[in-house]
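Note that ligands are numbered from 1 as they come in the structure, with each ligand's atoms numbered from 1 the same way.
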Amino acid sequence: MAADQTVHGVPPSLSAKVVGSFAYLTVRDRLPTILTKVIDTIHRNKHKFFEEYGEEGIEAEKQTISLLSKLRNELQTDKPILAVTDGLQDTESWNQYLQRHQRLQGDEASVSWFKSPWLYVECYMYRRIQEALWHNPPISDYDYFNEGKTQGFFESQQAVMTLCTYLENINKSMAELSKNQLLEHFNKLLQVSLWGNKCDLSISAGQDNSQKLSPIDSLSSLQPFILVDGSNMVWSTLQRPGQPGKTTAGRVDVVLDNAGFELVTDLVFADFLVSSGLVREVHFHGKSFPWFVSDVTAKDFQWTIRQTMAANHKWMSKSGVQWQSYLKEGVWSYHDHPFWTQPHEFCDMAADAPDLYATLQGADLVLFKGDLNYRKLTGDREWDHTVSFGTALRGFGPAPLCALRTLKANVQVGLQQGQGEKLTSQESDWMTSGKYAVIQFYSPKSEQ
Ligand SMILES: O=P(O)(O)OC[C@@]1(O)O[C@H](CO)[C@@H](O)[C@@H]1O
Ligand SMILES: [Mn+2]
């Protein structure tokens with residue numbers, strides 16, 4: 001697919017080649033800032049590497065920083081995108097993707113940071129950071145974003161306690177709840193998970209943006225900022241009125257986004273789905289290495305549950321213990337397929353990661369958290385706002401799905417006629433401020 005023109009009705013990819021665009025400002029300003037913070041973090045932890053690995057640790061720190069400084073220079077001087085040179089399992093896939101773009105864009109020189117699709121170069125930066133660590137074994141498994149993710153969790157403690165208390169009050173009266181009361185709690189916790197996505201360290205280039213306000217009390221004031229609300233279709237997808245051979249509750253897959261408070265909101269929602277009997281099992285999908293500053297890795301997932309268990313707060317620790325046992329029983333499971341840390345638009349998944357596509361086809365509902373997932377669902381292209389979500393998905397539809405996203409990039413589809421123009425006239429940055437959100441549902445069945 002040519003990246004910079006409308007072909008067969010598919011518009012161009014967002015790109016930094018458009019001077020002044022959000023993609024341009026991200027590649028010019030925010031990505032170098034994030035990269036510099038990674039370099040500073042590694043340099044600041046030099047003593048830890050020495051304590052743990054002696055001189056080898058010091059040498060590894062030095063070599064890593066030199067590789068990352070070279071990467072930053074490539075980025076800032078718009079050099080050609082280079083092949084990945086490490087031995088990770090997805091190296092071949094990344095280099096095939098590069099060759100695909102080199103064929104599309106004509107030659108190697110034109111596949112550069114400011115001339116290629118924004119989605120590609122932003123994902124590529126995070127993969128090159130991992131490559132630098134991979135080349136320096138003593139510190140290869142160091143998580144250079146860990147400090148920001150753990151700080152985000154600790155700074156949100158008040159909100160976490162409020163949320164776990166709210167969950168406990170629901171769970172202890174679950175048997176007496178009417179269907180309407182259940183629906184009310186469902187909608188509230190779905191929206192808490194939606195707004196948890198505001199806590200994203202990539203958009204803030206690492207600046208703290210933990211949850212300070214009560215996640216429940218602030219819902220009504222946030223309601224007007226939900227631009228598309230498909231909650232009712234999410235709810236009805238989970239009802240199983242005598243579906244042939246499917247009397248038991250279903251399976252929900254959650255494609256996670258950020259660690260910290262957002263992850264807690266996802267765990268609380270998943271707890272409610274199981275404890276209410278709506279859902280039999282939940283599969284969580286995270287990232288296999290540090291990604292977009294605050295995205296969840298396996299270590300973050302386990303750490304967050306352990307921290308919640310160990311909290312000096314009755315309902316937090318009760319929740320953490322429950323979550324640990326869900327994992328042990330297999331009611332919950334955690335997966336981290338390499339595809340989630342590759343640059344592909346999701347319409348490529350069936351071809352490029354058929355095993356993952358088949359896994360998602362086993363779900364009754366797939367929730368996609370956050371902005372990057374939304375960009376990949378819609379291909380990060382310059383769609384008109386009134387194009388339907390189904391059109392933008394371009395055939396991606398392993399199961400009924402719902403995007404829970406606060407808007408932090410200038411791609412948004414499925415709006416009413418005039419809705420985008422009205423928002424632009426009121427607030428020019430409505431697509432990138434993180435103030436607005438969508439609960440956007442799509443079912444492949446509805447298209448048959
Ligand atoms: O997926 P998330 O965590 O909600 O957001 C990811 C993000 O911060 O990174 C990109 C900007 O650099 C945008 O996709 C978005 O702003
Ligand atoms: Mn993220």
Can you tell me how far the CZ atom of Arg72 sits from the OG atom of Ser69, to the nearest 0.5 Å?
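Here the rounded value is 5.0 Å.
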Among the N/O/S atoms of Asp257, which is closest to the Mn ion (ligand 2)? Give the atom name.
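When I compare the N, O and S atoms of Asp257, OD1 is nearest to the Mn ion (ligand 2).
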With carbon and hydrogen excluded and only N/O/S kept, which atom of Asp295 is nearest the Mn ion (ligand 2)?
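Per the distance ranking, Asp295 contributes OD1 as its closest N/O/S atom to the Mn ion (ligand 2).
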Show the atoms of ligand 1 that are less than 4.0 angstrom away from any heavy atom in [X].
X: Asn258; answer: 3 (O)
X: Arg375; answer: 10 (C), 13 (C), 14 (O)
X: Phe292; answer: 9 (O)
X: Asn197; answer: 4 (O)

Ignoring hydrogens and angles, state whether a donor on the side chain of [X] or [Y] is under 3.5 Å from an acceptor on the partner side chain.
X: Gln440; Y: Tyr374; value: yes
X: Glu131; Y: Tyr124; value: no
X: Asp86; Y: Thr91; value: yes

What do the steps show when you test Phe269 against Trp195 for ring pair (Phe, Tyr, Trp, His ring centres under 6.0 Å), and what is the final call?
CA-CA 12 Å; Phe269 185 49; Trp195 293 114; over 10 Å; no
Heavy-atom pair of closest approach, residues Thr304 and Leu267
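So the two residues come closest at CG2-CD1, 4.3 Å.
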Using every non-hydrogen atom in the two residues, find where Gly397 and Tyr357 come nearest and quote the distance to one decimal.
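Heavy atoms only, the tightest pair is N-OH, 3.1 Å.
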Ligand 1 to Asp257 polar contact by distance, N or O atoms, under 3.5 Å:
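Yes - when backbone and side-chain N and O of Asp257 are compared with those of ligand 1, one distance drops under 3.5 Å.
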Purely on distance, is any nitrogen or oxygen of Glu122 under 3.5 Å from one on ligand 1?
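Yes: some nitrogen or oxygen of Glu122 is under 3.5 Å from one in ligand 1.
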Check each heavy atom of [X] against ligand 1 and say whether those closer than 4.0 Å belong to the side chain, the backbone, both or neither.
X: Asp371; value: both
X: Arg30; value: side chain
X: Thr26; value: side chain

Salt bridge (Lys or Arg N to Asp or Glu O under 4.0 Å) partner of Glu345, chosen from Lys376, Arg375, Arg381
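Exactly one candidate clears the test, Arg381.
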Of the backbone and side-chain N, O or S atoms of Ser294, does one lie nearer to the Mn ion (ligand 2) than 2.8 Å?
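No.
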